[in-house]
Structure formats: structure tokens, C-alpha cells
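First up is the structure itself, then whatever we jot down about it.
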Amino acid sequence: MATANRNLSAYQKEDYIDIKQYKIGIVVSDWNSEITSKLQKGAIDTLIDNGVDSSNIEVFNVPGTFELPLGAQFVFESIEVDGIIAIGTVIKGETKHFDYVCQGATEGIMQVGLKYNKPVSFCVLTDNNIQQSIDRAGGKHGNKGTECAISCLKMIALKKKTISK
Ligand code: INI
């Protein structure tokens, strides 16, 4: 299991240059909102804890995880953000729908980041049951929102560092 030896909320604090200027979009799915709202809170708390100005964080809702890539694209097209955290939770059912939603979201999120040359963190839980999601949304495995907030900050910092060389 990917999280067996790692708590999703554990990270080493770093100093990010000019982090007060970082602008972050959060695109969050309404599906399984009891989970996605916790991931959203984990992400926002972590961004603020690391120095992001709360006025530079903007949240946008989409209906489901499948809509995350287009939602992220709309954000990049309409407002100035340095990176996006895409939040969703897909829980396996009895049909293949799970696989198609996960596949579309995964590939789409990667593509939109490459298209706009900006990080889009993949904060999507793809679980077999609700308990696995609870465990990763602030439960015993930590909060995937925290992990993805840190990954977004690190990628923004990396871009600033490599572009200035
Ligand atoms: N969307 C989710 O975010 N999680 C789910 O578990 C889910 N299930 O199980 O169906 C889900 N479906 C909706 C999908 O993301 C789209 O919104 C829908 O297909 C319309 O495009």
C-alpha cells in the first residue's frame, strides 16, 4: 500500500522565497464532499502554515473528479495562479466507472499542468471503500491535502529557481 510507511501529513518545513506572493487555485470535486472538504481544509491549512497569504488562495468547485482537469484549465485561463491543487475522491463501486473516472482525471490533470507549464497537484484519493478515504483525509494515514499542498509549493519554488538560472 502506498501509504503504509508514510504519513501524508508529515513533511519537513522549508523556507520558500517570496511565498507571500504565491497564488494558489484549489479545484475541488463535490462528489464525496464529506472527504473532499477535509482534503481541502488540509491543503489550505498547510498553505497558510507555510506562509501563503489566505487572500491568495481561491477555491473553485466542480461536480466530480472527472471534471477536475477542465476546471483547472478554466482557472489557468481566467486568473493568475502559480499552481493548482486538484482535489477529488473516487470510491470503487460495482462497475468500471471508477476506472474511467480515475483514468480521465489522472491523465487530464497531468496534461493541463504540462500545457500551462504550472504544477497541478494530484490530490485525488482512489480508494476501495470509504474507510480508506477517511484514513487519508485527516485520519490515521494523515491528510492527502497536506501532502499535495507541499508538493504544489515545492514545484512552484522549483520553477522559480530553474527559470531564474
Ligand atoms: N465522481 C467522483 O468524484 N467520485 C466518485 O466516486 C464518483 N463515482 O463513484 O461515480 C464520481 N462520479 C462522477 C464523475 O466524476 C463525473 O462527475 C460524472 O461522470 C459526470 O461527468
Side-chain angles (χ1 to χ4, degrees), residues 1-11 23-49 52 54 56-79 81-156:
M1 196 188 307
T3 45
N5 300 314
R6 182 176 173 175
N7 188 291
L8 296 164
S9 296
Y11 66 92
K23 293 186 172 55
I24 313 286
I26 294 184
V27 182
V28 56
S29 157
D30 291 336
W31 253 86
N32 298 312
S33 62
E34 69 280 20
I35 301 293
T36 58
S37 60
K38 290 185 178 149
L39 299 173
Q40 178 183 324
K41 183 175 177 348
I44 291 176
D45 287 351
T46 304
L47 293 173
I48 291 171
D49 194 43
V52 175
S54 60
N56 286 334
I57 303 170
E58 200 164 347
V59 178
F60 303 85
N61 284 81
V62 293
T65 295
F66 191 77
E67 281 73 38
L68 288 173
L70 188 57
Q73 181 162 304
F74 291 162
V75 173
F76 281 138
E77 289 283 330
S78 60
I79 63 165
V81 291
D82 297 297
I84 288 177
I85 302 169
I87 297 176
T89 298
V90 198
I91 298 173
K92 212 173 178 113
E94 292 178 355
T95 69
K96 282 182 159 184
H97 193 64
F98 173 89
D99 301 284
Y100 293 114
V101 171
C102 292
Q103 187 185 342
T106 308
E107 289 180 5
I109 286 170
M110 187 184 67
Q111 278 173 21
V112 79
L114 293 174
K115 177 176 171 185
Y116 291 90
N117 203 27
K118 291 182 177 179
V120 183
S121 286
F122 183 70
C123 189
V124 178
L125 296 178
T126 55
D127 292 324
N128 291 320
N129 55 61
I130 186 81
Q131 188 59 50
Q132 289 183 339
S133 300
I134 291 168
D135 292 344
R136 290 159 181 78
K140 69 177 180 187
H141 292 306
N143 194 318
K144 184 84 181 165
T146 295
E147 184 204 38
C148 289
I150 295 298
S151 116
C152 193
L153 294 179
K154 283 187 173 172
M155 289 304 290
I156 293 169

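Numbering of ligands and ligand atoms starts at 1, following listing order. Just so you know, these numbers use all the heavy atoms, side chains as well, and skip hydrogens, waters and symmetry mates.
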| query | With backbone taken as N, CA, C and O and side chain as the heavy atoms from C-beta onward, which portion of Asn32 lies under 4.0 Å from ligand 1: side chain, backbone, both, or neither? | reply | side chain
| Glu67: numbered ligand 1 atoms lying under 4.0 Å from its heavy atoms | 16 (C), 17 (O), 20 (C), 21 (O)
| task | Below 4.0 angstrom from a heavy atom of Thr89, which ligand 1 atoms are there? Numbered from 1 as shown, please. | result | 2 (C), 3 (O), 4 (N), 5 (C), 6 (O)
| Are any of the heavy atoms in Gly88 under 4.0 Å away from ligand 1? | no
| said: Within the 4.0 Å heavy-atom shell around Ser29, which atoms of ligand 1 are there? | reply: 3 (O)
| message | Quick test: of every protein heavy atom, which one is nearest to atom 6 (O) of ligand 1, and how far off is it to 0.1 Å? | response | Ile91 N, 3.2 Å
| Are side-chain heavy atoms of Ile84 and Val112 found at a separation under 4.5 Å? | no
| message | I need the nearest protein heavy-atom contact for atom 3 (O) of ligand 1: residue, atom name and distance, please. | response | Thr65 OG1, 2.6 Å
| task | Spell out, as yes or no, whether a donor-acceptor pair under 3.5 Å connects the side chain of Lys118 to the backbone of Val81. | result | yes
| Can an N or O of Val101 be found at a distance shorter than 3.5 Å from an N or O of ligand 1? | no
| query | Has the side chain of Asn32 got a donor or acceptor atom that lies under 3.5 Å from a matching backbone atom of Thr89? | reply | yes
| request: Identify, by atom number and element, the atoms of ligand 1 in contact range of Phe66, meaning under 4.0 Å from any of its heavy atoms. | output: 14 (C), 15 (O), 16 (C), 21 (O)
| query | How long is the gap from CD1 on Ile150 to CG on Leu8, to the nearest 0.5 Å? | reply | 12.0 Å
| Against heavy atoms of His97, which atoms of ligand 1 measure under 4.0 Å? | 8 (N), 10 (O), 12 (N), 19 (O)
| For Gly64, the ligand 1 atoms whose distance to one of its heavy atoms is below 4.0 Å | 3 (O), 15 (O), 17 (O)
| If you measure from CG on Asp127 to CD1 on Ile134, what distance do you get to the nearest 0.5 Å? | 10.0 Å
| said: Given 3.5 Å as the limit, does a donor-acceptor pair link the side chain of Ser121 with the main chain of Cys148, or not? | reply: yes
| message | Counting only heavy atoms, tell me which of Tyr100, Trp31, Phe98 gets closest to atom 1 (N) of ligand 1. | response | Trp31
| query | Between Ser29 and Thr36, do the side chains contain an N or O donor and an N or O acceptor separated by less than 3.5 Å? | reply | no
| request: Please say whether more than 12 non-hydrogen atoms of neighbouring residues, nucleotides or ligands are located less than 6.0 Å from CZ in Phe66. | output: no
